[in-house]
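Labels below follow one simple rule: chain letters A, B, ... track the order of the sequence lines, proteins then strands, and each chain is numbered from 1.
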Number of protein chains: 2
Amino acid sequence: MKIAEVSERYDISLDTLRYYERIGLIPPVNRNKSGIRDYSEIDLKRVEFIKCMRSAGLPIDVLVEYVGLVKQGDKTIEARKGILKEQREQLLVKMDEMQKTLDMLNYKIEVYENAVLKKEKEII
Amino acid sequence: MKIAEVSERYDISLDTLRYYERIGLIPPVNRNKSGIRDYSEIDLKRVEFIKCMRSAGLPIDVLVEYVGLVKQGDKTIEARKGILKEQREQLLVKMDEMQKTLDMLNYKIEVYENAVLKKEKEII
DNA sequence: TTATCACTTGGAGTTGACTCCAAGTCAAGT
DNA sequence: ACTTGACTTGGAGTCAACTCCAAGTGATAA
């Protein structure tokens with residue numbers, strides 16, 4: 001699969017896909033004889049994984065380190081697990097903060113609804 | 001309350017507190033006769049609100065607009081409610097993405113746990 | 001009174017993550 | 001043969017959100 005189709009399928013820009021590969025966030029993709037990227041099924045899985053991780057805000061440098069470890073084989077499984085566990089902890093913290101923000105937003109919106117209601121009562 | 005104590009209490013740097021005020025994310029804080037900021041209870045509430053919103057990633061320009069509307073009084077209540085509702089929608093989307101990422105992380109970590117277990121079995 | 005220290009300002013610099021650009025290559029259609 | 005269009009590269013530019021810096025001020029302690 002060529003880069004344009006990958007870009008379309010995952011809604012990631014061409015530039016970003018090439019950028020990810022350049023910095024090692026995705027291992028080098030195979031090329032045809034004229035040097036054009038041809039994404040394999042495995043490449044697509046990798047793109048999907050990175051998209052998922054990035055969408056939650058996992059930092060690029062951490063993901064680059066993780067991908068580097070994967071390349072080194074089974075002896076890095078413990079290290080990889082450690083990275084993912086650490087990121088999971090941080091994600092849980094962020095989700096908790098977001099829940100608090102959501103609570104705050106819900107509260108404020110409700111206050112505004114009531115303010116509007118009160119005005120309507122005054123008018124009628 | 002002086003800026004150092006506010007910084008300490010909310011874990012926001014001095015520079016960031018001043019930056020927030022400069023760009024209008026927090027209305028001007030009162031000063032004593034020598035020009036030093038003296039945060040009131042209301043100022044602290046505002047700092048806390050902004051910290052909460054920022055911790056969930058609400059963009060600064062949106063918050064600046066919101067704070068500007070608050071300054072303009074009750075006639076902007078509908079507009080403010082609109083902003084908060086829009087941000088709430090986006091927050092829900094982000095939380096959903098994070099949940100998916102969390103599921104993925106949990107799955108991967110479990111796979112690694114099993115890989116380690118399998119190795120241990122081989123050894124024993 | 002002199003040094004220290006927390007504060008002030010305007011402006012410049014940094015960071016992370018893209019995003020854009022110019023110049024070049026290749027395969028396919030007219 | 002020539003044009004078009006999708007691809008390639010290295011490198012520069014952008015953006016949001018800080019973060020740092022230098023120079024200055026005023027209150028307090030030795």
Side-chain angles (χ1 to χ4, degrees), chain A residues 1-40 43 46-47 49-67 83 87 90-91 94 97-98 101, chain B residues 1-40 43-44 46-47 49-67 87 90-91 94 97-98 101:
Chain A
M1 187 180 295
K2 287 201 205 160
I3 196 167
E5 202 179 340
V6 180
S7 167
E8 177 105 346
R9 176 186 295 196
Y10 294 106
D11 195 31
I12 302 174
S13 81
L14 302 170
D15 274 319
T16 298
L17 282 169
R18 289 191 279 247
Y19 165 68
Y20 282 175
E21 188 176 340
R22 178 160 32 150
I23 63 172
L25 199 47
I26 292 167
V29 173
N30 278 338
R31 311 302 184 95
N32 65 19
K33 52 274 170 200
S34 48
I36 289 176
R37 288 176 183 81
D38 181 18
Y39 288 77
S40 69
D43 292 325
R46 287 166 176 165
V47 168
F49 174 69
I50 292 299
K51 183 186 163 131
C52 177
M53 295 301 118
R54 288 291 309 126
S55 79
L58 272 71
I60 281 188
D61 55 358
V62 171
L63 294 172
V64 167
E65 193 195 347
Y66 177 80
V67 169
I83 289 175
Q87 293 306 310
Q90 300 205 15
L91 186 53
K94 266 199 278 183
E97 285 174 346
M98 288 196 166
T101 304
Chain B
M1 186 180 297
K2 285 199 206 163
I3 196 166
E5 203 179 339
V6 180
S7 167
E8 177 105 347
R9 176 185 295 194
Y10 294 107
D11 196 30
I12 302 174
S13 81
L14 301 170
D15 274 319
T16 299
L17 282 168
R18 290 190 279 248
Y19 165 68
Y20 281 177
E21 187 176 339
R22 184 165 21 154
I23 63 172
L25 200 46
I26 293 166
V29 172
N30 278 338
R31 311 303 184 93
N32 67 19
K33 51 274 170 198
S34 47
I36 288 175
R37 288 175 183 81
D38 181 19
Y39 288 78
S40 69
D43 292 325
L44 295 183
R46 287 166 176 167
V47 168
F49 174 69
I50 291 299
K51 182 187 164 131
C52 178
M53 294 301 118
R54 286 293 304 127
S55 79
L58 272 70
I60 281 189
D61 55 358
V62 171
L63 294 170
V64 167
E65 192 194 348
Y66 176 80
V67 169
Q87 293 305 309
Q90 301 206 14
L91 186 52
K94 266 198 278 183
E97 285 175 346
M98 288 195 165
T101 305

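- Rounding to whole angstrom units, CE of residue A:Met1 and P of D:dC7 are separated by 12 Å.
- Sorted by first and then second residue, the salt bridge (charged side-chain N to carboxylate O under 4.0 Å, His left out) pairs involving residues 16-36 of chain B (not counting sequence neighbours) are B:Glu21-B:Arg31, B:Glu21-B:Arg37.
- A search for ring-ring contact (aromatic ring centres under 6.0 Å, His included) contacts involving B:Phe49 returns B:Tyr66, not counting sequence neighbours.
- In this structure, A:Asp38 CG and A:Ile3 CD1 are separated by 11.5 Å, a value rounded to the nearest 0.5 Å.
- Looking at residues two or more places apart in sequence or on another chain, you find no ring-ring contact (aromatic ring centres under 6.0 Å, His included) involving A:Tyr19.
- Legend: salt bridge (charged side-chain N to carboxylate O under 4.0 Å, His left out) pairs involving residues 2-13 of chain B, not counting sequence neighbours: none detected.
- With sequence neighbours left out, the salt bridge (charged side-chain N to carboxylate O under 4.0 Å, His left out) criterion links B:Arg54 to no other residue.
- For residues 15-26 of chain B, proximity to DNA chain D is found at B:Asp15, B:Thr16, B:Tyr19, B:Tyr20, defined as any non-hydrogen atom under 4.0 angstrom from a strand atom.
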Using nucleotides 24-29 of chain D, report all nitrogen or oxygen pairs with the protein that are shorter than 3.5 Å.
none

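- Taking the side chain to side chain donor-acceptor pair (under 3.5 Å) definition, one finds that A:Ser13 meets it with A:Thr16, sequence neighbours left out.
- Here the CD1-CD1 distance, from A:Ile60 to A:Ile23, works out to 4.5 Å after rounding to the nearest 0.5 Å.
- Among residues two or more places apart in sequence or in another chain, the side-chain contact (heavy atoms from CB on, under 4.5 Å) test is passed with A:Val67 by A:Pro27, A:Ile50.
- Here B:Ser55 pairs with nothing under the side chain to side chain donor-acceptor pair (under 3.5 Å) rule; sequence neighbours left out.
- B:Ile3 comes within 4.0 angstrom of the backbone, heavy atoms only, and of no base.
- The span of DNA chain C lying next to chain A, judged by atoms under 4.0 Å from heavy atoms, is bounded 5' to 3' by C:dA17 to C:dA27.
- We find that CD of A:Glu5 is positioned 14 Å from P of D:dA6, with the value rounded to whole Å.
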